[in-house]
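Report on one structure; see the data block that follows.
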Amino acid sequence: MHQVRQRTLPVQAVIEETLRWNPPFPLAVRRFALEDITIDDTVIPAGGRVWISIASANRDEREIPSPDSFAPGRPSPHLAFGHGIHYCLGAPLARLEAEIAISSLLRHFPALELAVPFEDLAWWPSFHKRGLRGLPVRTRPAAVPADPRPTHPGDHRHTRSAPGPLPR
C-alpha cells in the first residue's frame, strides 16, 4: 500500500491482484456434465457434478508467472468475476466500490496498517466464499484541514449557516 500512498501504483492494480490472489468466491457454481468426459485420466460421467476452482485457475503457472506471490501491477487475467456468459454483471460496481473505499481510507487515515501479523488474521471457514472474520487495524487520522472561518470581521466568503435544531 506504500506504493499506492506514494501514487506510484494505481489502487486498481492492487484490487485486480487481490481478486486474483484471494478471490471472494473460490469455487464457481457447480456444473453437471452433459455427457461422459475425460480430463487427463479422470472420467466424469454424464450427470456427474463438476466444481470449478476459481482459486486454482487464478494460480495457474501457465498463465501467471510466480502465481503464489502477490505482485500488483502485473497483467492479471483472473477469473474472480467469472468468464463469458457467466461473467458477473456487478463486476464494474464491485471494482468501483473497492476503489472508492480503499482510496478514501488511505486519504483519511494515511498511517493505516494491520494491528496484527498477516498470519494471525482469522478467516471464515467456508467452502463457498472467502472472507475475514475481522480486520484489526491501527490508524492515525489525517491532518485537520485549515479553519474555513473568516479571518477578519468583514470577510464572509467562507462562512456557512449553522444547521438548525434536530427534528424531534
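For reference, positions follow the sequence shown, starting with 1.
Val116 and Leu132 fall within a single hydrophobic cluster, where Ile, Leu, Val, Met, Phe, Trp and Tyr side chains are chained together by heavy-atom contacts under 4.5 Å. No continuous path of hydrophobic side-chain contacts links Leu27 to Phe25 [ILVMFWY only; heavy atoms under 4.5 Å]. Grouping the Ile, Leu, Val, Met, Phe, Trp and Tyr side chains by contacts below 4.5 angstrom, directly or via other members, places Val14 with Val137. Both Leu135 and Leu105 belong to a common hydrophobic cluster when Ile, Leu, Val, Met, Phe, Trp and Tyr are linked at side-chain heavy-atom distances under 4.5 angstrom. The hydrophobic cluster containing Phe118 also contains Ile15, counting ILVMFWY residues as joined when their side-chain heavy atoms lie under 4.5 angstrom apart, directly or transitively.
The heavy-atom pair separating Glu63 from Pro77 by the smallest distance is O-CG, 4.5 Å. Minimum heavy-atom separation, Pro23 to Ala80: CB-CB, 4.2 Å. Minimum heavy-atom separation, Phe32 to Gly47: CD2-O, 3.6 Å. Among all heavy-atom pairs drawn from Leu9 and Pro72, the shortest one is CD2-CB, 3.7 Å. Summarising the geometry of Tyr87 relative to Gly82, their closest heavy-atom pair is CD1-O, 3.5 Å, with the distance given to 0.1 Å. Annotation for Leu121 and Gly134: closest pair CD2-O, 4.3 Å, computed over non-hydrogen atoms.
Annotation: side chain of Pro67 is in contact with side chain of Arg20 (closest heavy-atom distance under 4.5 Å).
Considering CD1 of Ile37 and OG1 of Thr42, their distance stands at 11.0 Å, rounded to 0.5 Å. One distance of note links CG of Leu112 with CZ of Arg107; it measures 13.0 Å at 0.5 Å rounding. Note that NE2 of His2 is 7.0 Å distant from OG1 of Thr8, once rounded to the nearest 0.5 Å. Rounding to the nearest 0.5 Å places CG of Leu96 at 4.0 Å from CD1 of Ile100. In this structure, Ile64 CD1 and His78 NE2 are separated by 9.0 Å, a value rounded to the nearest 0.5 Å. The CZ atom of Arg95 sits 10.5 Å away from the CD atom of Gln12 when rounded to the nearest 0.5 Å.
Between Trp21 and Phe70, the angle of the ring planes goes over 60°, which puts this pair in the perpendicular group of the 30/60° scheme.
Cluster partners of Leu79 are Ile54, counting Ile, Leu, Val, Met, Phe, Trp and Tyr whose side-chain heavy atoms approach within less than 4.5 Å, directly or via other members.
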Is there a side-chain contact (heavy atoms from CB on, under 4.5 Å) between Val4 and Leu106? Walk through the geometry before answering.
CA-CA 9 Å; Val4 173; Leu106 293 178; 3.7 Å; yes
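Atom CD of Glu61 has 12 or fewer neighbouring heavy atoms from other residues, nucleotides or ligands inside a 6.0 Å radius. With a 6.0 Å radius and a threshold of 12 heavy atoms from other residues, nucleotides or ligands, Leu93 has its CG atom above the threshold. Atom CZ of Arg7 sits in a sparse spot, with 12 or fewer heavy atoms from other residues, nucleotides or ligands closer than 6.0 Å.
The side-chain hydrogen bond (donor to acceptor under 3.5 Å, both in side chains) contacts involving residues 114-132 comprise Asn22-Arg130, where partners must be two or more places apart or lie in separate chains. Sorted by first and then second residue, the pairs that involve residues 26-40 and meet side-chain hydrogen bond (donor to acceptor under 3.5 Å, both in side chains), not counting sequence neighbours, are Arg31-His86.
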